[in-house]
Amino acid sequence: MSFLERHPEKPLLANRRLRAVIGVVVLALLAVPFVTTDALTGLILTGLVFVMLGVSWNLLAGYAGQISLGHAAFFGMGAFVAAWLTTPSAAGFPASIQLPILVAVVVGGVAAALIALIIGPIIFRLSGHYFAIGTLALAAVIELVMLDQRSLTGGSTGYYVQGDLAINDFVGHGDVMFLLTLVATVLTIAVTYRIVRGAGGLGMKAIHDDEEAASSLGVNPLKYKMYAFVVSSFFAGLAGGLYGHYTLYINPESTLAVTWTIDSLVIVILGGMGTFAGPILGSALFLLLDTGLAAIVGSVATTIEGTLIILFIIFLPQGLYGLAEDYLITDVGRGGASAAPKSSDATPGTDPDVVSDED
Amino acid sequence: MVAGELVSQSIVNGILLGGIYAVAALGLSLVFGIMDIVNLAHGHMLMVGAYVAILVFAATGITPLVGMFIAMGLLFVLGIVLQKVLLKHVVGEGIEQPIIVLFGLALILQNIGQLVLGGDARTADLGIPGDGINLGFAFLSLPRTVTFVVAVVLIGATWAFLQYTKTGQAIRATAQNRTAARYMGIDTDRIYIITLGIGTALAGAAGALLSMLFPINPFVGWSYLLKAFAVVVLGGVGSILGTLVGGVILGVSENLGALYLGGGYRNVVSLLIFLGVLLLKPEGLFGTGGGGE
């Protein structure tokens with residue numbers, strides 16, 4: 001029976017074809033800074049940052065079920081801590097704390113993780129809607145305070161970040177930052193993959209599905225929420241540090257703004273929340289939309305994004321990944337046999353909403 | 001040290017502002033209490049209401065007090081359409097879907113606001129001549145006083161509606177126990193539609209009132225959403241009196257925060273109060289539970 005083979009936990013990487021595709025994609029990305037223009041390199045780097053944001057938010061929201069609306073705070077704090085360390089003079093710190101970019105960016109991620117570690121036990125006293133609004137408020141507080149602390153953040157004018165990793169005329173600073181971001185993206189995906197396929201991921205999914213039941217079976221909800229929150233914040237902070245050192249300019253409004261939270265959310269919804277490959281597919285689509293729409297329809301891009309996430313979450317809650325799984329992977333794998341309606345309830349891992357939407 | 005007069009003036013202004021916050025919060029609280037969803041687009045609906053009042057005022061010179069009814073009517077319709085077209089698919093489906101649908105709606109409204117009116121802040125006037133009242137220790141400016149009175153009337157009218165009309169009683173019954181309400185022959189789907197309509201109409205009213213006091217731009221939605229939710233948490237979900245008191249507490253503490261810490265901290269103070277209450281006393285200061293989950 002085909003539905004037995006379609007176990008949702010089948011390891012993605014066991015599929016040889018998929019492994020080959022991943023290899024080719026990574027190799028192609030490695031070549032990007034050497035074969036394309038600076039503008040295109042920057043665009044794809046933004047896409048990688050989207051992947052990091054999406055994958056990390058998905059770990060917290062899609063797997064652990066904690067809809068955080070404060071992801072931007074960790075992105076922004078990672079960016080700022082890293083910038084303070086590479087450019088201490090601009091924020092009034094002694095020059096002696098200056099660190100190389102690579103170290104500073106990692107410290108930025110660690111700082112974001114530490115913030116999550118400290119506020120986690122407090123904010124996780126809230127759940128559901130209260131958690132969502134609480135994280136939105138927390139991110140707003142952080143943004144407002146940082147905006148007010150002109151000496152640390154440059155206020156709304158921000159400041160320029162120092163950094164020059166250019167190797168020669170051919171391989172400039174942006175190209176090196178691209179390669180670093182690529183490494184960080186692969187790391188983000190690999191670590192998240194290990195977590196969701198391991199005991200941690202099981203625990204997260206258990207508390208997501210039914211926190212009380214999981215709790216009564218000895219799964220400590222706070223432990224797994226914290227696990228997801230800290231890891232997710234680390235990668236968001238890392239992404240922030242890398243992005244800040246690519247643009248070489250930082251200000252509280254652009255790095256801490258709710259926009260980054262919105263982007264993470266849109267990416268994950270488009271790709272498929274709670275699916276591993278979802279955010280990666282979502283980033284690609286979002287990058288196309290974000291740049292394509294801006295060029296074609298300009299000012300209504302946000303409206304289209306908003307409309308898309310509404311339509312996706314109602315009619316296609318498994319996102320692009322769900323579409324791909326239904327129409328590509330299954331068809332190819334079974335010679336089209338299972339193009340017939342899904343084996344409904346017996347198929348684990350597909351969202352029942354898709355099938356049983358009787359409203 | 002800050003002069004005593006400034007302090008008493010800040011407190012009085014805070015109380016008057018609190019009335020409007022309470023109107024915004026009441027809409028949010030009603031929807032939350034009955035449908036168990038937080039309208040993440042509530043602040044953006046408030047922004048739309050404010051713009052309706054501003055545009056009517058700019059085009060015709062009609063006072064936003066009249067514009068307010070136009071805004072309420074428009075947002076009532078928006079709420080009904082929203083429930084009929086989108087939310088009915090996701091209410092009761094857990095929290096993720098409603099949150100994301102409303103988040104998307106907030107983005108759309110913000111973008112439309114930007115398109116129609118540009119990113120600049122705009123404001124309206126009361127449009128009624130007259131001076132305020134000097135109390136000696138503080139001055140009651142006319143726009144602030146009028147908007148406060150209107151806000152209290154709106155809250156009283158909502159209370160009376162819920163208390164004495166058949167529909168209002170059906171709404172309260174649905175809030176208490178949806179299943180039991182259905183058994184008693186209440187069409188709860190219709191109640192949801194009406195509730196969301198009233199909730200969003202109140203957001204529109206609050207926006208129209210605020211347009212007479214503060215400049216409005218397309219991005220104020222998030223900030224007013226958080227303020228309204230802060231008031232809901234302070235007052236407790238479902239408590240009308242609590243909402244009014246919560247609004248006043250928020251208004252006063254914001255003004256005092258701005259006075260002592262600087263204008264940049266106006267919103268920080270309200271957000272910290274909000275987070276503090278949420279964490280320490282999630283059932284609200286006057287609430288009957290419902291907090292924390």
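Each chain gets a letter, A, B and so on, in the order the sequences are listed, and its residues count up from 1. A quick note: this is a predicted structure, and the numbers were derived from the prediction, not measured.
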Do the charged groups of Asp189(B) and Arg178(B) touch, with an N to O distance under 4.0 Å? yes
Just by distance, do the side chain of [X] and the backbone of [Y] share a donor-acceptor pair under 3.5 Å?
X: Thr243(B); Y: Ala22(B); result: no
X: Asn58(A); Y: Phe276(A); result: no
X: Asn217(B); Y: Asp120(B); result: no
X: His44(B); Y: Leu107(B); result: no
X: Trp57(A); Y: Ala236(A); result: no
X: Ser29(B); Y: Ala25(B); result: no

Who among Val101(B), Ile108(B), Leu105(B), Leu272(B) has the most heavy-atom pairs with chain A under 4.5 Å?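 That would be Ile108(B).
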Region of [X] that comes under 4.5 Å of a non-hydrogen atom in chain B:
X: Glu211(A); answer: neither
X: Ile313(A); answer: both
X: Val300(A); answer: both
X: Ile269(A); answer: side chain
X: Ile122(A); answer: both
X: Ala140(A); answer: both

If I measure from the heavy atoms of chain A, does [X] come under 4.5 Å with its side chain, its backbone, both, or neither?
X: Leu226(B); result: side chain
X: Leu40(B); result: side chain
X: Ile100(B); result: both
X: Leu109(B); result: neither

Let's test your reading of the structure: which of [options] forms the most heavy-atom pairs below 4.5 Å with chain B?
options: Leu69(A), Val266(A), Ile123(A); answer: Leu69(A)
options: Thr303(A), Val145(A), Leu138(A); answer: Thr303(A)
options: Glu305(A), Glu143(A), His208(A); answer: His208(A)

Is the Phe124(A)-Tyr224(A) ring centre distance short of 6.0 angstrom?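 No - the distance between ring centres of Phe124(A) and Tyr224(A) does not fall below the 6.0 Å cut-off.
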Is the distance between the ring centroids of Trp222(B) and Phe103(B) under 6.0 Å? yes
